[in-house]
Amino acid sequence: MSSRSAVLCSRNSHKARELERLLPGWTIESLDRDDYPPETGATYYENARIKAAFGREHAGGWVLAEDSGLEVDALDGRPGVLSARYAPEGAPAIAKLLGELAGVDDRAAHYTSELVLLTPDGRELRGTGILEGRIAHDARGSEGFGYDPVFVPDGEEQTVAELGNEWKAENSHRARAARALLAALG
Ligand code: IMP
(Lines give C-alpha, C1' and ligand atoms only; values in the text may rest on other atoms or scores of the structure.)
Protein backbone atom coordinates (compact mmCIF):
# COMPACT_ATOMS: atom_id res chain seq x y z
CA MET A 1 0.00 0.00 0.00
CA SER A 2 1.63 3.25 -1.10
CA SER A 3 1.55 6.36 1.04
CA ARG A 4 1.03 9.56 -0.83
CA SER A 5 0.03 13.11 -0.16
CA ALA A 6 -2.39 14.70 -2.61
CA VAL A 7 -4.23 17.98 -2.91
CA LEU A 8 -7.94 17.63 -3.69
CA CYS A 9 -9.35 20.40 -5.87
CA SER A 10 -12.66 20.79 -4.08
CA ARG A 11 -14.24 22.70 -1.23
CA ASN A 12 -16.58 19.79 -0.50
CA SER A 13 -15.27 18.37 2.79
CA HIS A 14 -17.46 15.26 2.41
CA LYS A 15 -15.56 14.33 -0.75
CA ALA A 16 -12.14 14.73 0.89
CA ARG A 17 -13.22 12.48 3.79
CA GLU A 18 -14.71 9.86 1.46
CA LEU A 19 -11.66 9.87 -0.81
CA GLU A 20 -9.20 9.55 2.06
CA ARG A 21 -11.05 6.41 3.09
CA LEU A 22 -11.14 5.14 -0.49
CA LEU A 23 -7.44 5.67 -1.19
CA PRO A 24 -5.78 3.85 1.72
CA GLY A 25 -2.52 5.36 2.87
CA TRP A 26 -3.14 8.64 1.08
CA THR A 27 -3.32 11.94 2.92
CA ILE A 28 -5.75 14.24 1.16
CA GLU A 29 -5.90 17.93 1.81
CA SER A 30 -8.59 20.09 0.21
CA LEU A 31 -7.47 23.09 -1.80
CA ASP A 32 -9.71 25.59 -0.10
CA ARG A 33 -9.82 28.65 -2.35
CA ASP A 34 -12.61 30.99 -3.30
CA ASP A 35 -11.44 31.58 -6.88
CA TYR A 36 -12.13 28.19 -8.52
CA PRO A 37 -12.96 28.65 -12.21
CA PRO A 38 -16.56 28.00 -13.30
CA GLU A 39 -17.36 24.38 -14.13
CA THR A 40 -18.23 24.99 -17.76
CA GLY A 41 -17.53 21.47 -19.05
CA ALA A 42 -20.21 19.45 -20.81
CA THR A 43 -19.11 16.29 -18.99
CA TYR A 44 -17.93 15.25 -15.53
CA TYR A 45 -14.52 14.46 -17.02
CA GLU A 46 -14.16 17.96 -18.50
CA ASN A 47 -15.13 19.54 -15.19
CA ALA A 48 -12.71 17.32 -13.26
CA ARG A 49 -9.94 18.39 -15.65
CA ILE A 50 -10.82 22.09 -15.17
CA LYS A 51 -10.51 21.66 -11.39
CA ALA A 52 -7.29 19.64 -11.73
CA ALA A 53 -5.67 22.25 -14.02
CA PHE A 54 -6.57 24.95 -11.48
CA GLY A 55 -5.07 22.80 -8.73
CA ARG A 56 -1.86 22.36 -10.72
CA GLU A 57 -1.50 26.16 -10.93
CA HIS A 58 -1.67 26.45 -7.16
CA ALA A 59 -0.09 23.27 -5.81
CA GLY A 60 2.79 20.98 -6.65
CA GLY A 61 2.98 17.22 -6.14
CA TRP A 62 -0.04 14.97 -6.66
CA VAL A 63 -3.23 16.78 -7.66
CA LEU A 64 -6.60 15.05 -7.42
CA ALA A 65 -9.90 16.36 -8.77
CA GLU A 66 -13.36 14.87 -8.83
CA ASP A 67 -16.62 15.80 -10.49
CA SER A 68 -19.79 13.93 -9.85
CA GLY A 69 -23.53 14.15 -10.16
CA LEU A 70 -26.90 12.47 -10.26
CA GLU A 71 -28.73 11.64 -13.49
CA VAL A 72 -32.43 10.86 -13.38
CA ASP A 73 -33.89 9.01 -16.38
CA ALA A 74 -37.34 10.62 -16.17
CA LEU A 75 -35.68 14.06 -16.15
CA ASP A 76 -33.66 13.29 -19.29
CA GLY A 77 -30.48 13.01 -17.23
CA ARG A 78 -30.94 16.12 -15.10
CA PRO A 79 -29.56 17.45 -12.81
CA GLY A 80 -26.39 15.77 -14.23
CA VAL A 81 -23.28 17.97 -14.44
CA LEU A 82 -25.34 20.75 -12.87
CA SER A 83 -26.14 18.67 -9.74
CA ALA A 84 -24.32 21.01 -7.37
CA ARG A 85 -26.19 24.00 -8.80
CA TYR A 86 -29.68 22.41 -9.08
CA ALA A 87 -30.69 23.91 -5.72
CA PRO A 88 -28.89 24.54 -2.42
CA GLU A 89 -27.46 21.19 -1.32
CA GLY A 90 -29.39 19.08 1.18
CA ALA A 91 -33.06 19.57 1.98
CA PRO A 92 -33.80 22.18 -0.75
CA ALA A 93 -32.28 20.04 -3.54
CA ILE A 94 -34.10 16.95 -2.30
CA ALA A 95 -37.43 18.80 -2.05
CA LYS A 96 -37.03 20.10 -5.61
CA LEU A 97 -36.15 16.64 -6.94
CA LEU A 98 -39.08 14.93 -5.18
CA GLY A 99 -41.36 17.69 -6.46
CA GLU A 100 -40.23 17.17 -10.06
CA LEU A 101 -40.80 13.43 -9.69
CA ALA A 102 -44.23 13.68 -8.01
CA GLY A 103 -46.53 11.17 -9.71
CA VAL A 104 -43.68 9.76 -11.85
CA ASP A 105 -43.41 5.95 -11.77
CA ASP A 106 -40.04 5.61 -13.50
CA ARG A 107 -37.64 6.50 -10.67
CA ALA A 108 -34.45 5.07 -12.28
CA ALA A 109 -31.31 7.15 -11.72
CA HIS A 110 -27.57 6.82 -11.39
CA TYR A 111 -24.67 8.60 -9.77
CA THR A 112 -21.42 9.14 -11.70
CA SER A 113 -18.00 10.01 -10.29
CA GLU A 114 -15.08 11.04 -12.45
CA LEU A 115 -11.64 11.25 -10.84
CA VAL A 116 -8.61 12.87 -12.44
CA LEU A 117 -5.14 12.54 -10.90
CA LEU A 118 -2.18 14.61 -12.09
CA THR A 119 1.16 13.07 -11.22
CA PRO A 120 4.16 15.19 -10.17
CA ASP A 121 5.81 14.36 -13.52
CA GLY A 122 2.87 15.67 -15.55
CA ARG A 123 0.86 12.54 -16.42
CA GLU A 124 -2.92 12.42 -16.15
CA LEU A 125 -4.71 9.34 -14.83
CA ARG A 126 -8.45 8.85 -14.72
CA GLY A 127 -11.03 6.67 -12.96
CA THR A 128 -14.78 6.51 -13.56
CA GLY A 129 -17.46 4.98 -11.34
CA ILE A 130 -21.23 4.61 -11.73
CA LEU A 131 -23.83 3.57 -9.16
CA GLU A 132 -27.25 2.58 -10.53
CA GLY A 133 -30.39 2.96 -8.47
CA ARG A 134 -33.71 4.74 -8.10
CA ILE A 135 -35.14 7.80 -6.36
CA ALA A 136 -37.21 7.04 -3.25
CA HIS A 137 -40.55 8.72 -2.56
CA ASP A 138 -39.34 10.31 0.66
CA ALA A 139 -36.02 11.18 2.35
CA ARG A 140 -34.60 8.70 4.85
CA GLY A 141 -31.29 8.37 6.73
CA SER A 142 -28.64 10.69 8.08
CA GLU A 143 -25.24 9.65 6.64
CA GLY A 144 -23.63 10.65 3.35
CA PHE A 145 -24.53 13.98 1.78
CA GLY A 146 -26.38 15.59 -1.13
CA TYR A 147 -29.00 13.30 -2.66
CA ASP A 148 -28.09 10.27 -0.51
CA PRO A 149 -31.32 10.40 1.58
CA VAL A 150 -33.39 9.73 -1.57
CA PHE A 151 -31.07 7.45 -3.57
CA VAL A 152 -31.75 3.70 -3.29
CA PRO A 153 -29.03 1.61 -5.00
CA ASP A 154 -30.02 -1.37 -7.17
CA GLY A 155 -30.37 -4.50 -5.03
CA GLU A 156 -31.08 -2.48 -1.86
CA GLU A 157 -34.23 -1.25 -0.11
CA GLN A 158 -32.56 1.42 2.03
CA THR A 159 -31.29 4.79 0.86
CA VAL A 160 -27.54 5.50 0.73
CA ALA A 161 -27.99 7.80 3.76
CA GLU A 162 -29.42 4.79 5.66
CA LEU A 163 -26.86 2.31 4.33
CA GLY A 164 -24.19 4.65 5.65
CA ASN A 165 -20.61 5.71 5.11
CA GLU A 166 -19.14 2.21 5.45
CA TRP A 167 -21.44 0.99 2.70
CA LYS A 168 -20.43 3.99 0.58
CA ALA A 169 -16.73 3.21 1.09
CA GLU A 170 -17.26 -0.19 -0.58
CA ASN A 171 -19.96 0.47 -3.13
CA SER A 172 -20.45 4.10 -4.09
CA HIS A 173 -19.75 5.62 -7.50
CA ARG A 174 -16.77 7.36 -5.84
CA ALA A 175 -15.50 4.02 -4.45
CA ARG A 176 -15.72 2.51 -7.93
CA ALA A 177 -13.94 5.50 -9.49
CA ALA A 178 -11.21 5.26 -6.83
CA ARG A 179 -10.67 1.55 -7.57
CA ALA A 180 -10.43 2.32 -11.30
CA LEU A 181 -7.94 5.09 -10.57
CA LEU A 182 -5.79 2.81 -8.40
CA ALA A 183 -5.84 0.21 -11.18
CA ALA A 184 -4.73 2.85 -13.70
CA LEU A 185 -1.97 3.89 -11.31
CA GLY A 186 -0.74 0.29 -11.21
P1 IMP B 1 -19.39 18.71 -7.74
O2 IMP B 1 -18.76 19.06 -6.43
O3 IMP B 1 -19.45 19.83 -8.72
O4 IMP B 1 -18.81 17.45 -8.33
O5 IMP B 1 -20.91 18.41 -7.39
C6 IMP B 1 -21.37 17.14 -7.14
C7 IMP B 1 -22.83 17.21 -6.71
O8 IMP B 1 -23.46 15.99 -7.10
C9 IMP B 1 -22.97 17.29 -5.19
O10 IMP B 1 -23.06 18.60 -4.75
C11 IMP B 1 -24.24 16.50 -4.96
O12 IMP B 1 -25.34 17.32 -5.19
C13 IMP B 1 -24.19 15.43 -6.04
N14 IMP B 1 -23.46 14.23 -5.57
C15 IMP B 1 -22.26 13.76 -6.03
N16 IMP B 1 -21.88 12.68 -5.35
C17 IMP B 1 -22.81 12.48 -4.40
C18 IMP B 1 -22.94 11.52 -3.37
O19 IMP B 1 -22.08 10.63 -3.13
N20 IMP B 1 -24.04 11.63 -2.62
C21 IMP B 1 -24.99 12.58 -2.83
N22 IMP B 1 -24.90 13.52 -3.75
C23 IMP B 1 -23.82 13.47 -4.55
Side-chain angles (χ1 to χ4, degrees), residues 7-23 28 30-55 63-72 75 77-98 100-101 109-117 126-136 139-154 156 158-181:
V7 161
L8 174 66
C9 307
S10 171
R11 278 170 306 210
N12 184 330
S13 60
H14 295 282
K15 283 188 181 179
R17 275 204 300 278
E18 284 193 12
L19 284 165
E20 209 158 40
R21 193 166 180 168
L22 295 169
L23 298 166
I28 295 177
S30 291
L31 185 65
D32 188 14
R33 298 184 60 102
D34 51 19
D35 56 346
Y36 273 97
E39 295 175 22
T40 50
T43 62
Y44 301 107
Y45 175 55
E46 285 174 23
N47 280 337
R49 291 189 85 201
I50 289 171
K51 294 182 220 185
F54 177 78
V63 172
L64 186 60
E66 197 252 16
D67 199 65
S68 51
L70 173 73
E71 279 155 64
V72 180
L75 302 180
R78 282 190 304 114
V81 289
L82 300 176
S83 291
R85 283 164 278 169
Y86 178 64
E89 187 151 319
I94 286 173
K96 181 172 174 185
L97 181 62
L98 292 180
E100 283 209 77
L101 291 178
H110 59 269
Y111 277 132
T112 302
S113 166
E114 191 74 63
L115 279 169
V116 166
L117 178 69
R126 174 182 177 181
T128 307
I130 292 175
L131 179 66
E132 301 280 356
R134 61 189 185 280
I135 304 300
R140 301 189 306 266
S142 58
E143 294 196 31
F145 68 96
Y147 301 95
D148 287 343
V150 289
F151 189 91
V152 179
D154 280 356
E156 303 288 346
Q158 294 184 300
T159 67
V160 171
E162 291 176 303
L163 290 164
N165 294 331
E166 271 183 42
W167 186 95
K168 275 192 103 173
E170 276 300 310
N171 303 287
S172 75
H173 48 310
R174 206 163 287 106
R176 292 166 193 218
R179 282 197 288 270
L181 182 69

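In listed order, ligands and their atoms are each counted from 1. Computation of the quantities below employed the complete heavy-atom set of this structure, encompassing side-chain atoms and omitting hydrogens, waters and symmetry-equivalent molecules.
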request  = For Ser10 and Glu66, test the side chains for any donor-to-acceptor distance below 3.5 angstrom and give the result as yes or no.
outcome  = no
key: Derivation of the side chain to side chain donor-acceptor pair (under 3.5 Å) call for Thr112 and Glu114   = CA-CA 7 Å; Thr112 302; Glu114 191 74 63; over 6 Å; no
query = Which heavy atom of Asp154 sits nearest a heavy atom of Gly133, and at what distance?
reply = OD1-CA, 3.4 Å
key: Every residue of the protein that comes under 4.0 Å of ligand 1, judged on heavy atoms   = Lys15, Glu39, Lys51, Asp67, Ser68, Gly69, Ser83, Ala84, Glu89, Tyr111, Phe145, Gly146, Tyr147, Asp148, Lys168, His173, Arg174
message = If the test is salt bridge (Lys or Arg N to Asp or Glu O under 4.0 Å), which one of Glu143, Glu156, Glu18 qualifies with Lys168?
response = Glu18
ask   = Do you know which of Phe145, Tyr111, Trp167 makes ring-ring contact (aromatic ring centres under 6.0 Å, His included) with Phe151?
value = Tyr111
request  = Give me the ring orientation class for Phe54 and Tyr36: parallel if the planes are under 30° apart, tilted from 30 to 60°, perpendicular past 60°.
outcome  = tilted
